[in-house]
Each structure stands twice: as C-alpha cells, then as structure tokens.
Number of protein chains: 2
Amino acid sequence: MQDVSEPHPGLNGGNLQRESLQQQVFDNLRSAIMSGVFRPGEVLSSRGLAQQLGVSAMPVREALTRLTTEGVLQNTPSRTLRLRVLSPSDFDEITAIRFEIEGMAAERACGAMTTADLAEIRALNDALTAAASSGDADHYLKANADYHAAIYRVSGWPLLVGMIERLWLMVGPSIRMSVPDRAHMATSQEFHDQIMTALDARDGKTVRAAIVDDISTAARDIRASLAPEAAHPQMKEE
Amino acid sequence: MQDVSEPHPGLNGGNLQRESLQQQVFDNLRSAIMSGVFRPGEVLSSRGLAQQLGVSAMPVREALTRLTTEGVLQNTPSRTLRLRVLSPSDFDEITAIRFEIEGMAAERACGAMTTADLAEIRALNDALTAAASSGDADHYLKANADYHAAIYRVSGWPLLVGMIERLWLMVGPSIRMSVPDRAHMATSQEFHDQIMTALDARDGKTVRAAIVDDISTAARDIRASLAPEAAHPQMKEE
DNA sequence: ATCGTTGATCTGAGATCGCAGATTGCAGTT
DNA sequence: AACTGCAATCTGCGATCTCAGATCAACGAT
C-alpha cells in the first residue's frame with residue numbers, strides 16, 4: 001500500500017480497461033437475455049455458445065454458472081442448462097416483488113433527484129415516447145428499460161438497483177414473447193406522464209403509485225401470454 | 001421423453017441425491033459466511049480453500065465466482081477476492097431493503113399461515129428463547145436465523161426468500177463481528193413475542209411492523225460496530 | 001540506513017483433456 | 001412393424017497445466 005495521499009487531478013488512473021473474458025461473456029449474455037434474444041426454455045450449452053462467441057468454453061461456462069445462481073438459468077434433470085420458464089405463479093411473485101422494490105426505489109429517487117437528474121429522465125421519457133410512436137417493439141422495450149433504470153439509479157442505492165435488474169432479467173424473455181402493441185404503449189405512456197408530473201412536484205407517494213400502476217398494467221398483458229401452469233409436467237421446446 | 005403416464009406409487013424416483021461438488025462447496029461456503037466464520041475484508045483464495053476442503057481448485061473457483069456475483073465477495077484491484085466490507089451507507093441501504101422485503105414476506109406469510117406452520121414457528125421461537133437465555137451468541141444467531149427463515153418461507157414465495165437470504169449473507173460477517181449481548185437478546189425477544197401474538201391474531205400489518213422493529217433495533221447495534229466510512233481509503237486487515 | 005531492484009511465490013484466469021451421464025439415431029432382432 | 005440394444009455424440013463437471021499480474025522478502029548499491 002503506497003502513500004497515495006491525493007490522486008493527481010487530470011490523471012485518470014486505471015481507466016485502461018482490463019476486463020476479464022468471463023465478465024464480458026457474462027455481460028453479453030445478460031443483455032442478450034434481457035432483450036429477449038433467447039426464448040424461455042431454450043437450452044444454452046457452454047460449448048455451443050463458446051463457438052458462437054469465438055471464445056473458449058471456460059469463460060462461457062463460468063458465465064452460465066453465474067446466470068444459474070441468479071435464477072435465470074435452470075438445471076434440467078439431464079444436467080443441461082435452460083432458460084427458466086416462468087409459470088404464472090412465478091410471474092405473479094416477481095410482479096409483486098417489483099411493486100415493492102421498484103416502488104421503493106422510485107420513491108426514494110424522487111426525494112434525491114436533482115434538476116440535472118430530472119432533465120436526463122425527461123429526455124429518456126421523450127425518447128420513449130418517440131420509440132412508442134415508431135412502433136418498433138425492440139426499440140420501445142429498450143427505451144422503456146433505460147427510462148426505468150435511470151429513475152431507479154437516482155435512488156443512490158446500487159444494491160437495490162442490482163436486485164431490480166435481476167428481476168428484469170428473469171422476466172426479459174417472457175416480455176419479449178408478448179410483443180407490446182400500440183394500445184399497450186399508449187396506456188403505458190399515460191403512466192409515464194404521471195410519473196414525470198409527480199417527479200416535478202417531488203411527490204414521492206404519487207411517483208410510487210404511478211410506477212406500480214405502470215408495472216401492473218404491463219404485467220397483465222405479459223401474464224396472459226404465459227404458458228399455463230403445467231398440470232401434466234411436460235416439455236417439448238427446441 | 002418416455003410415456004410415463006403415472007408415477008408408480010411407493011417408488012420414489014430420483015431421490016438418490018447426486019449433488020455437484022461445486023454446489024456442495026458453494027453451500028458450504030455460504031453457510032460458513034452466514035455464520036460469520038470469515039471476517040469482513042478477509043481474503044478467500046481458491047487454492048487455499050481447496051486445500052482446506054480437500055477438493056481441487058476448480059469447484060472452489062466456481063463457487064467463489066458465484067459468491068462474487070451475489071455481491072458477497074469483491075474483486076480487489078490486485079484481482080484477489082475478499083469478503084465485502086460493508087460501509088455504514090451500504091449497511092443502511094441493506095437495512096432499508098430488508099424493511100421492505102422482509103416486512104412484505106412476513107405480512108404475506110401471515111395471510112398464508114396454517115396452524116401447522118404456526119406451531120412450527122412457535123417451536124422455533126421457544127428454541128430461540130432458550131438460546132437467548134443460554135447466552136451462547138453463535139447458538140442464538142443460528143436460532144434467530146432459523147426463526148426468521150421459517151416465517152418467510154410460509155409466504156410461499158421462494159424467489160423472495162432467496163433475495164432475503166442473499167441480504168442476510170451480506171450482513172452475516174458484520175453481524176458476527178458485533179456479538180449480541182444479553183440486553184440486545186432481551187429487547188429482541190419482545191419483538192419476537194409481538195410477532196407471535198400478531199401471527200396468532202392473523203394481523204398482517206402488525207406482524208410487518210414488529211418485523212421492521214426487530215430488524216431496526218438489531219441493526220442499530222450492528223451499525224455502531226461498523227468501521228466508519230473511509231474518508232482516506234485504506235485497508236489493513238488480515 | 002535508505003532506496004531501488006530483483007526473484008520467489010502467491011493470486012485469478014484461461015485452455016485443454018478426460019470422465020460419466022444422458023440423448024439420439026441407427027441398426028438388428030423378434 | 002415394433003421393440004431392443006449398441007454406438008456416436010452431446011452435455012456439464014472436474015483436474016491439471018500454463019500464464020500474466022501482484023505482493024513480498026531478501027539483497028545490493030548508494
């Protein structure tokens with residue numbers, strides 16, 4: 001440990017970017033899953049992905065292990081790894097948790113929000129509106145995720161944001177299966193406008209309520225598209 | 001996929017228990033961390049632990065990777081892995097999240113609780129009382145964890161329980177550093193009795209409030225024992 | 001005595017090899 | 001035609017080897 005005393009201003013230390021390969025693979029897979037590249041129930045094999053990504057099997061393997069720990073992947077009886085298939089009750093549980101912790105994050109963010117934060121979020125809301133009017137589902141979902149993430153980040157609670165991200169990761173594949181239509185985007189936009197107004201007024205309780213409403217209405221569409229609870233447990237995909 | 005139709009009654013299929021080595025190591029380390037075997041900031045090396053556990057470095061390495069993903073371990077600048085050191089603000093964040101989701105779990109558990117569940121929890125509360133009067137801190141902390149976990153499990157929401165477990169895992173080492181004294185155990189017991197009474201009355205809101213009070217008072221002691229926020233970032237443990 | 005250098009040794013990370021279990025598909029038999 | 005059995009192939013998991021970076025201790029020059 002050296003006597004560093006004070007970092008020299010204008011000299012940015014270790015921004016030379018040294019990122020482990022497994023971390024890159026992990027982030028890569030994470031964003032792919034989040035944006036619905038893979039379908040629920042799809043089998044992910046370390047060797048197969050390694051070949052696709054042009055890396056050895058080792059980093060992929062550890063990335064898959066990490067995703068399994070996060071509950072995004074599941075071990076099958078035959079020991080292969082597949083994307084978790086959310087049952088309706090799984091989805092209900094996740095949605096209920098999202099009410100609680102996303103509402104919490106939004107309410108706290110409201111209290112901590114600077115005018116700069118607010119301007120950034122307003123810009124993201126505008127981008128979201130534009131994406132909605134374009135009708136491109138992928139673009140819309142991305143903008144929606146960015147918008148929500150920006151709000152939660154203002155809470156200043158990284159652990160909470162991480163927990164929210166993991167929940168989004170779990171519902172990601174299912175969200176992508178039920179592509180939002182324009183009607184959905186329109187109703188959602190109402191809530192987003194409510195959120196902006198409440199943020200302007202620094203009204204935390206209302207922000208929280210609007211967030212919960214937003215999640216709730218979106219969840220209704222997604223839930224309807226889920227495969228019904230398996231009475232006879234059977235599998236047949238991919 | 002065979003035509004299994006109906007499982008033969010009296011023949012329990014695959015309960016032959018085959019658990020991967022890395023899973024065993026992971027569970028092992030997890031419970032060790034939870035019970036405070038390691039101190040905050042302590043360095044965990046894959047080779048070192050592998051030797052202690054009598055296994056190869058490989059499964060330990062993946063277990064450590066998983067713990068890093070869970071935020072229990074941290075990568076140091078020198079790329080070694082160390083147990084996360086909670087700053088007071090980290091701890092405040094975790095405590096606030098615990099209010100929300102443990103309160104949520106307890107409230108929902110109250111609504112879903114059967115008489116059998118209630119009897120089990122009462123037994124664990126009695127065991128906790130006994131542990132408190134014995135004065136053995138390790139025993140007490142274990143009984144306390146079992147008691148809370150049993151309540152949350154009744155909520156029937158495994159994801160939520162998993163999230164709570166992860167939070168406990170993060171505060172585990174810090175909890176163990178501030179050994180609870182008999183005065184703390186006594187005040188905590190008051191809240192546990194409140195919880196039992198409210199559970200009896202199926203009064204979810206009161207259960208939630210009592211859980212929050214329990215967490216809050218315990219957190220006050222723990223927080224006081226944390227190393228103050230590092231103004232000059234320096235490390236010197238181990 | 002102090003500073004700088006160097007070499008031994010620790011670390012995580014990646015690659016590669018091998019193993020056991022599971023699945024699949026192609027025979028070969030009845 | 002239907003079932004059985006075997007071999008090829010896929011899977012995850014573990015062990016081992018290697019490498020680059022970091023730490024630390026001993027050493028040597030000033």
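Proteins get letters first, then strands, A, B, ... in listed order; numbering begins at 1 in each. Excluded from the calculations below are hydrogen atoms, water molecules and symmetry mates; all remaining heavy atoms, backbone and side chain alike, are included. Note that the coordinates shown come from a computational prediction; the quantities given were computed from them, not determined experimentally.
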Nearest-angstrom distance from the residue atom [atom1] of [X] to [atom2] of [N]:
X       : N      : atom1 : atom2 : result
A:Phe26 : C:dG14 : CZ    : C1'   : 18 Å
A:Gln74 : D:dG12 : CD    : P     : 15 Å
B:Leu64 : C:dG12 : CG    : P     : 7 Å
B:Leu44 : C:dC10 : CG    : C1'   : 15 Å
A:Leu73 : D:dG12 : CG    : P     : 10 Å
A:Arg66 : D:dC13 : CZ    : P     : 16 Å
B:Leu81 : C:dG12 : CG    : P     : 6 Å
A:Gln23 : C:dG14 : CD    : P     : 10 Å

Mutual orientation of the aromatic rings belonging to A:His148 and A:Trp168 [parallel < 30°, tilted 30-60°, perpendicular > 60°]:
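The rings of A:His148 and A:Trp168 sit tilted, inter-plane angle from 30° to 60°.
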If you pin B:Gln22 and A:Ser45 to their nearest nucleotides in DNA chain D, which one's is more 5'?
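On the 5' side of the pair lies A:Ser45.
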[N] OP1/OP2 closer than 4.0 Å to side-chain N/O of [X]:
X       : N      : answer
B:Ser56 : D:dG14 : no
A:Ser46 : D:dG12 : yes
B:Thr80 : C:dG12 : no
A:Ser78 : C:dA22 : no

If you pin A:Pro59 and B:Gly48 to their nearest nucleotides in DNA chain C, which one's is more 5'?
B:Gly48
To the side chain of B:Arg79, which of C:dG12, D:dG14, C:dG14 is closest?
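Among the listed nucleotides, the one closest to the side chain of B:Arg79 is C:dG12.
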Would you indicate whether A:Gln74, at its atom CD, is surrounded by more than 12 heavy atoms from other residues, nucleotides or ligands within a distance under 6.0 Å?
yes
Heavy atoms from other residues, nucleotides or ligands near CD of A:Gln51 exceed 12 (cutoff 6.0 Å):
no
Go through the N and O atoms of the side chain of B:Arg61 and the base of D:dG14, and report whether any donor-acceptor pair is under 3.5 Å.
no
What about A:Arg47: does its side chain form a donor-acceptor pair under 3.5 Å with the base of D:dG12?
yes
Test log, rule side-chain hydrogen bond (donor to acceptor under 3.5 Å, both in side chains), inputs B:Thr114 and B:Asp117
CA-CA 5 Å; B:Thr114 67; B:Asp117 292 331; 3.0 Å; yes
Audit row: A:Asp27, A:Gln23, side-chain hydrogen bond (donor to acceptor under 3.5 Å, both in side chains) steps and yes/no
CA-CA 6 Å; A:Asp27 294 338; A:Gln23 183 66 39; 3.2 Å; yes
